[in-house]
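Report on the following structure.
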Amino acid sequence: MRDASAERRSWLPVVWRVCHGLMAVFFALAAYVQINDPDAGLWMVGYGVPAALSVSVGLDPHVTEMLPWRRVADLHVMISSAAVAMLGWRLQGGGATDILQQEEGRAPVGSLRVWAAVAITVFPFAAWFYYHLNQNLRSSWPPHCRTAL
């Protein structure tokens with residue numbers, strides 16, 4: 001049992017690095033598509049900083065223990081939170097009656113649609129992987145289902 005557990009742990013850092021690489025690519029592409037936006041500089045920095053942080057963690061996972069990396073991450077979270085608060089204050093103070101008529105109001109709805117699509121797409125693979133790793137869950141299945149995996 002220990003050998004299987006050790007074998008699983010040996011590839012987890014690789015999976016972690018691949019996930020950080022994919023997130024870095026996502027944030028870099030998100031920064032790139034902002035080029036046509038009127039306030040592109042703001043959004044490019046907003047997406048570029050997480051891309052750089054993800055790349056650095058993907059290359060060296062222990063970089064998160066260094067003070068400069070933590071300061072940059074904390075500063076980005078602080079500035080992003082302040083921007084969201086200012087945006088909310090502006091929308092509330094401006095008397096926006098129909099929030100979905102504003103670009104900022106439609107963005108979360110689009111995000112929910114994307115999250116739903118990702119969940120629908122990923123769930124079958126995640127469930128298969130979970131059952132594939134945990135053989136004890138398959139022990140109560142009928143014989144004709146045990147060969148499905």
Side-chain angles (χ1 to χ4, degrees), residues 1-138 148-149:
M1 187 69 162
R2 285 187 179 201
D3 294 334
S5 176
E7 184 179 313
R8 277 191 219 145
R9 283 194 205 116
S10 67
W11 56 267
L12 286 177
V14 174
V15 171
W16 189 246
R17 286 180 177 210
V18 168
C19 288
H20 276 288
L22 291 174
M23 286 308 298
V25 169
F26 168 76
F27 282 122
L29 289 174
Y32 176 73
V33 299
Q34 300 300 323
I35 199 105
N36 295 337
D37 202 301
D39 52 352
L42 173 71
W43 291 108
M44 290 176 94
V45 169
Y47 288 121
V49 169
L53 291 174
S54 292
V55 165
S56 65
V57 172
L59 294 175
D60 180 20
H62 297 291
V63 75
T64 59
E65 299 168 5
M66 296 180 186
L67 188 63
W69 190 93
R70 288 190 305 196
R71 293 295 184 244
V72 169
D74 291 343
L75 182 65
H76 183 71
V77 168
M78 184 178 64
I79 290 173
S80 297
S81 300
V84 167
M86 287 173 32
L87 181 61
W89 184 266
R90 184 177 61 101
L91 288 174
Q92 194 276 336
T97 56
D98 191 6
I99 192 72
L100 294 177
Q101 295 301 321
Q102 306 289 327
E103 178 184 4
E104 295 84 1
R106 290 189 303 267
V109 176
S111 296
L112 286 175
R113 290 176 59 199
V114 169
W115 277 105
V118 167
I120 289 169
T121 304
V122 169
F123 177 74
F125 296 107
W128 176 86
F129 190 67
Y130 182 74
Y131 277 98
H132 182 71
L133 287 180
N134 298 303
Q135 293 177 357
N136 59 341
L137 295 174
R138 293 182 278 167
L149 295 175

Nearest-0.5 Å distance that lies between atom CG in D39 and atom CD in Q34: 8.0 Å
Derivation of the side chain to side chain contact (heavy atoms under 4.5 Å, CB included) call for M86 and W89: CA-CA 5 Å; M86 287 173 32; W89 184 266; 5.5 Å; no
Non-neighbouring partners of N36 that pass side chain to side chain donor-acceptor pair (under 3.5 Å), sequence neighbours left out: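 Scan of N36 (side chain to side chain donor-acceptor pair (under 3.5 Å), adjacent residues dropped) gives none.
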Which residues share a side chain to side chain donor-acceptor pair (under 3.5 Å) with S54, sequence neighbours left out: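 Here no residue qualifies.
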Show the nearest heavy-atom pair for residues [X] and [Y], with the distance to one decimal.
{"X": "L53", "Y": "S56", "answer": "O-OG, 2.7 Å"}
{"X": "V45", "Y": "P50", "answer": "O-CD, 4.3 Å"}
{"X": "P61", "Y": "T64", "answer": "O-OG1, 3.4 Å"}
{"X": "M44", "Y": "I35", "answer": "CE-CD1, 4.1 Å"}
{"X": "W69", "Y": "V63", "answer": "CB-O, 3.4 Å"}
{"X": "D60", "Y": "M66", "answer": "OD2-CE, 4.5 Å"}

Stepwise side chain to side chain contact (heavy atoms under 4.5 Å, CB included) test for V33 and Y47: CA-CA 10 Å; V33 299; Y47 288 121; over 6 Å; no
